[in-house]
Chemist: 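Have a look at the structure that comes next, please.
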Amino acid sequence: MTALLSSVVVLAALVVLTRRRSIAIAAVSLQTFLLAVISLWNVWPIHHGADIAPAAALMVRGVLIAGVLAVAAHSTRESAPVRPAIEPPVRMLITIGAVIVIVVLLPGFGLRSMQAQDTSVALLVIGIIVLLTRRATVLQVIGILTAENAVALAAISSPQHIPLIVELGLVFDLVLLTTVAAVFHQKIFEEFGAGDTSMLEELRD
Amino acid sequence: MTPPCWRSFVTDVFTLALTMIVLPVVTGIACAIVTHDRARSVVSSTGALTTAAAAAALVVEVVFRHEHSAGWLTIDQVCVPFVVANAFVGLMSVLLSSRYLSLETATMFSARRAPRWYLLTLHVFWATLLAVPVIGNLAVALIAIEATTATSALLIAYSGRRRALEAGWKYLLLTSLGLTVALYGIVVLYASSGTSRGLPAFQWQSLSRLADSTHPSTLAVVLVLIVGGLAAKIGWAPVHNWLPDAHSEAPSPVSMLLSAALLPSMILVAWRVKDALGAQAPHGMGDGLFIAFGLLSLAVAVPFLWQPMPWKRFLAYSSLEHMGVIAVGIGIGGRLAVTGVVIHVVGHALAKWLGFHTVMPLMGLQHSISKRPPRGIASVDGATASAVGISLYSLGGLPPAPLFVSELLILAGAVASGRVLVAACTALLLALAFLGITRTLLRALVDPAPHDDLRPQFLVGAHMLRASIFVVVSSIALAAIAVMLPASYMVRSIARGVS
């Protein structure tokens with residue numbers, strides 16, 4: 001379990017560092033699949049069909065979202081990755097600092113293990129930082145997806161099953177959100193010539 | 001004698017609420033199917049009128065017969081002002097959309113399908129806004145809100161212009177992130193409570209039981225996560241960045257829905273969470289959070305209300321101010337402040353509807369209206385000038401506007417509850433906002449505008465005058481109702497708690 005949770009964090013760190021959209025899409029998709037494995041690990045040995053529902057929901061979500069993002073990235077080929085606002089080492093330092101502070105400050109809130117709690121909190125913080133510090137539209141969406149993976153990890157690490165309808169609702173919401181974000185990404189690319197949010201600076205007071 | 005079955009159908013609050021939610025969805029789907037423009041417009045308007053009638057019947061049942069329902073749909077006294085505001089503004093938004101679609105040619109969709117997409121997403125968005133005040137379950141409410149975030153982002157960026165894409169993108173990402181944080185909060189609450197009751201554990205009536213079995217320090221974290229996450233969707237400062245952009249760039253029928261229906265509905269969800277969890281949280285934290293968000297929103301809005309800026313952007317900052325006032329009122333609590341909140345939600349909806357209703361006439365009268373503040377409108381069109389004036393008069397909280405009465409009640413509630421410092425800060429910020437709005441009002445009406453910027457030959461017609469008269473009459477009625485409201489069953493019921 002430790003190796004699985006560590007891998008989830010490493011993949012999130014990769015999203016913080018990478019400039020390539022394809023690597024970030026692969027990282028967040030792999031992260032979702034690892035969460036499905038963790039979900040199965042938590043309920044092993046499986047007694048009821050309902051035990052595998054969260055893992056199935058995560059797998060479906062991972063496949064659909066990876067597909068939507070891959071199509072969006074493929075149809076908007078960029079000559080060079082979007083230049084970051086903050087250089088990768090600084091981004092990483094900010095992320096590590098923020099994660100440590102939040103993890104230390106938060107009380108235990110009843111997940112199966114403190115390790116699972118710390119990992120989910122780290123994912124939430126990393127997702128927020130990716131959204132706020134990256135300029136590429138696809139990477140900002142991946143920030144949201146990383147934060148949503150934090151919710152998923154907390155849900156599958158809860159001693160009680162989170163209601164299935166909530167899991168399914170989240171899958172629907174995320175696929176819809178990613179699809180609409182992909183539409184926006186394409187329109188922004190058509191209008192500005194790049195999926196770069198630093199060009200979206202007309203609305204200022 | 002047994003009453004006819006249709007009569008029980010129109011008086012059963014659960015059925016009425018369900019009808020009010022399902023009808024716009026059905027209407028939206030019908031609008032997406034119908035290809036003939038005129039037929040689609042008729043379908044859309046008829047569906048909207050029927051929906052508004054169902055909402056009105058629901059409100060009558062709840063207010064006059066004290067009918068209520070708990071469970072998946074929680075129909076209680078507090079949902080009344082929110083359903084009134086959402087139904088009225090939604091109806092007006094749909095009716096105005098036909099005119100908007102006939103004038104707007106730019107769109108991010110293919111030209112042939114654009115009106116169908118627009119009406120489908122608008123009706124579905126309205127259905128969610130009508131559903132949110134009556135949904136009886138926190139988890140279901142958050143999932144419904146998150147689903148419509150995506151569709152409403154498309155509405156904001158409908159014109160496909162650069163600025164609209166920017167606004168839609170910011171709205172999509174920032175509000176989605178906020179909702180993710182709120183969802184994280186409810187997962188933490190569920191995990192820490194040790195319950196295994198499934199989805200019913202998130203019903204408003206059961207939420208306090210989850211809080212009872214949660215450690216106070218964890219509950220404090222949960223409250224911050226949920227209310228803080230919802231704050232991004234409400235548009236409270238400091239997580240309000242999307243609000244002025246989305247309100248100013250969205251089509252005006254959508255802007256009025258965002259401002260007068262979406263923001264207050266999200267506040268109601270946060271209010272129910274505060275009442276359910278706040279009692280167990282340490283040191284009155286729930287009330288403190290609302291007051292802090294409220295005062296901060298007011299403080300952030302005031303400097304912008306003094307700046308000359310385009311009309312819709314100005315109205316957006318006014319929304320920030322008024323959501324701040326409502327937050328302070330909820331944080332204070334008690335009969336006086338609660339009356340103020342009830343009146344404020346409805347009064348704000350009326351004033352904002354009129355404000356956004358003037359956008360299309362203003363675009364006809366002043367060339368630069370999308371980039372500059374309105375100027376000298378009184379010299380070219382009296383009807384539009386009166387509408388702009390009445391909207392600003394009301395938003396500024398000048399007596400006897402309902403927002404004047406509601407703000408006075410909230411301040412009185414703060415003093416009565418011993419929160420004199422909160423009352424003083426709120427009064428100071430409201431006075432500054434009032435002066436800023438008055439300055440804008442005078443400039444918009446009488447300041448001379450560059451001669452070539454105005455088009456006096458553009459005739460607006462009598463509908464602006466009718467809209468203005470409607471708002472004046474409704475405002476006077478609302479202000480009169482406010483006097484009777486503190487002793488009413490509705491306010492006593494809300495003041496006891498909303499979850």
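Every chain is numbered from 1, with letters handed out A, B, ... down the list of sequences. Small disclaimer: the values here were computed from a predicted structure and weren't measured. Computed over heavy atoms, backbone and side chain alike; hydrogens, waters and symmetry mates excluded.
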Chemist: Set out, in order, the CA-CA distance, both residues' side-chain angles and the distance that settles side chain to side chain contact (heavy atoms under 4.5 Å, CB included) for A:Phe109 and B:Leu189, then state yes or no.
Modeler: CA-CA 8 Å; A:Phe109 49 75; B:Leu189 177 65; over 6 Å; no
Chemist: Any idea which heavy atoms bring A:Phe184 and B:Ala153 closest together, and the distance?
Modeler: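 Distance-wise, the nearest heavy atoms are CZ-O, 3.3 Å.
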Chemist: Identify the two heavy atoms, one from A:Leu177 and one from B:Leu172, that lie closest to each other, and give their separation to 0.1 Å.
Modeler: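 Here A:Leu177 and B:Leu172 meet closest at CD1-CD1, 3.5 Å.
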Chemist: Just verifying a value: how many Å separate A:Met199 CE and B:Glu166 CD, rounded to the nearest 0.5 Å?
Modeler: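 Going from CE on A:Met199 over to CD on B:Glu166, the span is 12.5 Å.
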Chemist: Locate the shortest heavy-atom distance separating B:Leu165 from A:Glu191; write the atom from each residue and the value.
Modeler: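 Of all heavy-atom pairs spanning B:Leu165 and A:Glu191, the closest is CD1-CB, 4.1 Å.
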Chemist: For atom CE of A:Met59, decide whether the heavy atoms of other residues, nucleotides or ligands shown that lie under 6.0 angstrom number more than 12.
Modeler: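 Open.
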Chemist: So what's closer than 4.5 Å to chain B heavy atoms on A:Thr197: side chain, backbone, both or neither?
Modeler: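 Looking at A:Thr197, just its side chain touches chain B.
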Chemist: Any side-chain heavy atom of A:Glu148 within less than 4.5 Å of one from B:Glu146?
Modeler: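 SC-SC contact between A:Glu148 and B:Glu146 confirmed.
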Chemist: Considering all heavy atoms of both residues, which atom of A:Pro107 and which atom of B:Val221 are nearest to each other, and what is their separation?
Modeler: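 Here A:Pro107 and B:Val221 meet closest at CD-CG2, 3.8 Å.
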Chemist: Distance check, rounded to the nearest 0.5 Å: B:Ile145 atom CD1 versus A:Asp173 atom CG?
Modeler: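 Answer rounded to 0.5 Å: 10.5 Å.
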Chemist: Given the options A:Gly110, A:Ser120, A:Ala147, which has more heavy-atom pairs under 4.5 Å with chain B than any of the others?
Modeler: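 Answer, by heavy-atom pair count under 4.5 Å with chain B: A:Ser120.
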Chemist: Please state whether the side chain, the backbone, both or neither of A:Ile162 comes within less than 4.5 Å of a heavy atom of chain B.
Modeler: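 Both the backbone and the side chain of A:Ile162 come within 4.5 Å of chain B.
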Chemist: Check each atom of A:Leu124 against the heavy atoms of chain B and say whether the ones under 4.5 Å are side chain, backbone, both or neither.
Modeler: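 Side chain only.
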Chemist: Test side chain to side chain contact (heavy atoms under 4.5 Å, CB included) on B:Thr151 and A:Val180; report intermediate values, then the result.
Modeler: CA-CA 8 Å; B:Thr151 49; A:Val180 172; 6.0 Å; no
Chemist: Select, from B:Thr148, B:Asp245, B:Leu179, the one with the greatest count of heavy-atom pairs under 4.5 Å involving chain A.
Modeler: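 If we count pairs closer than 4.5 Å to chain A, B:Asp245 comes out on top.
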Chemist: Less than 4.5 Å to any heavy atom of chain A: does that hold for the side chain of B:Ala201, its backbone, both, or neither?
Modeler: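 Contact with chain A: none, neither part.
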Chemist: Please state whether the side chain, the backbone, both or neither of B:Arg161 comes within less than 4.5 Å of a heavy atom of chain A.
Modeler: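 For B:Arg161, there is no contact with chain A at all, as no heavy atom is under 4.5 Å.
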Chemist: Is B:Ala139 in contact with chain A via its backbone, its side chain, both, or neither, using a 4.5 Å heavy-atom distance?
Modeler: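 For B:Ala139, the contact with chain A is made by the side chain alone.
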Chemist: At what distance, to the nearest 0.5 angstrom, does OG of B:Ser176 lie from CD of A:Gln140?
Modeler: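 So the gap between those two atoms works out to 12.0 Å.
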Chemist: So if I apply the side chain to side chain contact (heavy atoms under 4.5 Å, CB included) rule between A:Val151 and each of B:Val188, B:Val187, B:Val181, which one comes out positive?
Modeler: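 The residue from B:Val188, B:Val187, B:Val181 that satisfies side chain to side chain contact (heavy atoms under 4.5 Å, CB included) with A:Val151 turns out to be B:Val187.
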Chemist: Could you check if a side-chain atom of A:Leu200 sits within less than 4.5 angstrom of a side-chain atom of B:Arg163, using non-hydrogen atoms only?
Modeler: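 A:Leu200 does not reach B:Arg163 side chain to side chain.
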Chemist: Please classify the contact between A:Leu106 and chain B as side chain, backbone, both or neither, with a heavy-atom cut-off of under 4.5 Å.
Modeler: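 Side chain of A:Leu106 only, per the 4.5 Å heavy-atom cut-off to chain B.
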Chemist: Non-hydrogen atoms of chain B under 4.5 Å away: do they reach the side chain of A:Val175, the backbone, both or neither?
Modeler: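 Nothing of A:Val175, per the 4.5 Å heavy-atom cut-off to chain B.
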Chemist: Distance from B:Leu199 atom CG to A:Leu164 atom CG, nearest 0.5 Å?
Modeler: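 Reported to 0.5 Å precision, the distance equals 10.5 Å.
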Chemist: So does B:Gly160 get a backbone contact from the side chain of A:Lys187, meaning a donor-acceptor N/O pair under 3.5 Å?
Modeler: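 Looks like no, no N/O pair under 3.5 Å.
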Chemist: Provide the closest heavy-atom pair for A:Leu176 versus B:Ala150 in the form atom of the first, atom of the second, distance.
Modeler: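 Distance-wise, the nearest heavy atoms are CG-CB, 3.9 Å.
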Chemist: Only pairs of heavy atoms separated by less than 4.5 Å count here; which of A:Leu132, A:Leu111, A:Ile128 has the most with chain B?
Modeler: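 Most heavy-atom pairs under 4.5 Å with chain B: A:Ile128.
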Chemist: Please classify the contact of A:Phe172 with chain B as side chain, backbone, both or neither, using a heavy-atom distance under 4.5 Å.
Modeler: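 For A:Phe172, the contact with chain B is made by the side chain alone.
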Chemist: Highest number of heavy-atom pairs under 4.5 Å with chain A: which of B:Leu174, B:Val222, B:Ile143, B:Thr214?
Modeler: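 Ranked by contacts with chain A, first place is B:Ile143.
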Chemist: Top residue by heavy-atom pair count (under 4.5 Å) with chain B, among A:Leu105, A:Thr137, A:Ile165?
Modeler: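 Among A:Leu105, A:Thr137, A:Ile165, the one with the most close pairs to chain B is A:Thr137.
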Chemist: Taking all atoms of both residues into account, what is the closest heavy-atom pair of B:Trp169 and A:Ala181, and its distance?
Modeler: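 Where B:Trp169 meets A:Ala181 most closely, the heavy atoms are CZ3-O, 3.6 Å.
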Chemist: At a 4.5 Å cut-off on heavy atoms, which part of B:Met309 comes close to chain A: side chain, backbone, both, or neither?
Modeler: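 B:Met309 touches chain A through side-chain heavy atoms alone.
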